[in-house]
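Worth knowing before you read on, the calculation uses all heavy atoms, side chains too, and leaves out hydrogens, waters and symmetry mates.
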Amino acid sequence: PANRKHSKFRPDPDVDPMFTAHNEDYWKSGWSRGHMAPAGDNKFSQEAMNDTFLLSNIVPQNLDNNAGFWNRFEMYCRDLASRFEDVYVLSGPLYLPTQDGQQKVVKYPVIGGSEVAVPTHLYKVVVAERFNTPTSIAAFVVPNQRIGYQNLTDFQVPIKDLEKSAGFSIYPQLDRSKTKNLCELDSCKLLGKNEFELYFIGRKLQSARTLERAEKVWKELEEKNLKPDQYLVDLYAKKKEELSAKPSEE
DNA sequence: CTGTCCCTC
DNA sequence: GAGGGACAG
């Protein structure tokens with residue numbers, strides 16, 4: 001499977017140099033580089049994953065949002081793909097107006113020499129299809145800031161509202177009168193705090209190269225008062241054996 | 001999983 | 001510069 005450690009963020013060579021973003025724009029900007037098409041959706045091919053790191057697929061995103069709520073949102077979409085025949089996900093940035101005295105204004109920061117626009121919100125439209133059931137669809141608009149463990153449905157909006165905000169039609173060929181609300185069919189429930197933290201502690205354990213690192217990751221459990229499941233207990237035991245057997249592998 | 005930062009080559 | 005590991009949510 002593809003590994004994101006082999007991918008690098010880089011300007012998209014197909015974008016005119018006059019318009020492309022650069023990595024330097026993000027450095028010390030206070031904003032992280034957030035994928036629209038997720039790297040994790042492209043593990044089937046290193047080349048495909050590398051393409052998701054092109055800066056044309058990236059927007060300045062709040063780091064906590066990126067690693068937290070948005071991350072869990074993307075995990076939910078991947079999980080949908082295992083339970084439905086076909087899943088389509090459309091993601092992108094929004095620059096929404098805010099009230100400023102008597103009038104509304106659109107205001108957003110720009111970062112770096114390229115003046116990369118920082119979106120106020122991000123959207124996702126999720127379409128899920130399964131044989132013998134109506135196509136289900138839902139749209140979400142999420143502020144580009146730390147969200148925490150709120151419900152995904154808190155951010156659901158009518159498709160029409162999103163179309164108006166975004167300025168284009170979404171799946172215009174789809175007869176919307178024949179579709180269902182995805183969140184009524186499938187709950188739209190994201191991973192909870194415990195399951196989520198256990199998940200990425202598992203990922204860190206797997207990537208640990210030294211016994212010290214593995215032990216340190218394991219201590220995160222106690223510090224956060226998390227109870228490991230059997231999978232994690234077994235993984236830690238296996239990792240400890242593996243890493244103590246050969247302390248310095250060349 | 002999502003990232004940043006820093007070190008070595 | 002490129003690649004890799006440590007680190008954090």
_A:E197 CD - C:dC7 C1' separation (whole Å)_ = 15 Å

*Between C:dG3 atom C1' and A:R4 atom CZ, what is the distance in whole Å?*
16 Å

*Between C:dC7 atom C1' and A:L63 atom CG, what is the distance in whole Å?*
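About 12 Å, once rounded to whole Å.
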
*Could you check whether A:T210 gets within reach of a base, just the sugar-phosphate, or nothing at all, counting any heavy atom under 4.0 Å?*
sugar-phosphate

*Between atom CG in A:N66 and atom C1' in C:dG9, what is the gap in whole Å?*
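Distance check: A:N66 CG to C:dG9 C1' gives 11 Å.
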
*Protein-nucleotide distance (A:W70, atom CH2; C:dG9, atom P), rounded to Å*: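 So the CH2-P distance, A:W70 to C:dG9, works out to 22 Å.
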
*Checking all strands, does A:G68 fall into the base, sugar-phosphate, or nothing category for heavy-atom contacts under 4.0 angstrom?*
nothing

*Should A:L185 and A:Y76 be counted in the same cluster of Ile, Leu, Val, Met, Phe, Trp and Tyr side chains packed under 4.5 Å apart?*
yes

_Distance check needed: C:dG9 C1' versus A:L221 CG, whole Å only._
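It works out to 14 Å between those atoms.
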
*asked:* Classify A:R213 by what it touches in the nucleic acid, base, sugar-phosphate, or nothing, heavy-atom distance under 4.0 Å.
replied: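 Base contact - A:R213 has a heavy atom under 4.0 Å of at least one base atom.
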
*asked:* Heavy atoms only, 4.0 Å cut-off, all strands: where does A:R10 land among base, sugar-phosphate and nothing?
replied: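 Nothing: the residue A:R10, judged by heavy atoms under 4.0 Å, touches no strand.
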
*Would you indicate what A:K8 reaches in the nucleic acid, counting non-hydrogen atoms under 4.0 angstrom: base, sugar-phosphate, or nothing?*
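Counting heavy atoms under 4.0 Å across all strands, the contact made by A:K8 is with sugar-phosphate only.
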
*Find which nucleotide of DNA chain C each of A:S207 and A:F196 is nearest to by heavy atoms, and output the residue with the more 5' nucleotide.*
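The residue closer to the strand's 5' end, by nearest nucleotide, is A:S207.
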
*Can you find an N or O donor on one side and an acceptor on the other, under 3.5 Å apart, linking the side chain of A:K204 with the base of C:dG9?*
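When only heavy-atom distances are counted, A:K204 does reach the base of C:dG9 through a donor-acceptor pair under 3.5 Å.
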
*Select one nucleotide: of B:dC1, C:dA6, B:dT2, the one nearest the side-chain heavy atoms of A:R203.*
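Taking heavy atoms from C-beta onward, the closest nucleotide is B:dC1.
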
*Thinking salt bridges, do A:E241 and A:K238 make one under a 4.0 Å N-O criterion?*
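No, this pair does not count.
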
*Taking the side chain of A:K216 as heavy atoms from C-beta outward, which of C:dC7, B:dG3, B:dC1 is closest to it?*
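Shortest atom-to-atom distance from the side chain points to C:dC7.
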
*Quick one: is B:dG3 close enough that its OP1 or OP2 comes under 4.0 Å of any side-chain N or O from A:R33?*
no

*Is any NZ, NE, NH1 or NH2 atom of the basic residue among A:K219 and A:E222 found under 4.0 Å from an Asp or Glu carboxylate oxygen of the other?*
no

*Using a cut-off of less than 4.0 Å, is there contact between a side-chain N or O of A:H6 and OP1 or OP2 of C:dA2?*
no

*Measure from CZ on A:F9 to P on B:dC5 and round the result to the nearest Å.*
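Going from A:F9 (CZ) to B:dC5 (P), I get 12 Å.
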
*Should A:R146 be listed as having a side-chain N or O under 4.0 Å from OP1 or OP2 of C:dG9?*
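Result: no.
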
*Given atom OH of A:Y199 and atom P of C:dA8, what is their separation to the nearest angstrom?*
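That distance rounds to 20 Å.
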
*Determine, for A:R83 against A:D186, whether the closest basic-nitrogen to carboxylate-oxygen distance falls under 4.0 angstrom.*
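Looking at A:D186 together with A:R83, the answer is yes, because their closest N to O distance falls below 4.0 Å.
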
*Kindly indicate whether the side chain of A:Y26, heavy atoms from C-beta on, has any atom under 4.5 Å from the side chain of A:V116.*
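The answer is yes; the side chains approach within 4.5 Å.
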
*asked:* Can you tell me how the ring of A:Y236 sits relative to the ring of A:W218, calling it parallel under 30°, perpendicular over 60° and tilted otherwise?
replied: parallel

*Considering heavy-atom distances to DNA chain B, does A:S32 or A:K43 have its closest nucleotide positioned more toward the 5' end?*
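The 5'-side residue here is A:K43.
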
*Give A:G202 one of three labels, base, sugar-phosphate or nothing, depending on what nucleic acid heavy atoms sit under 4.0 Å from its own.*
nothing

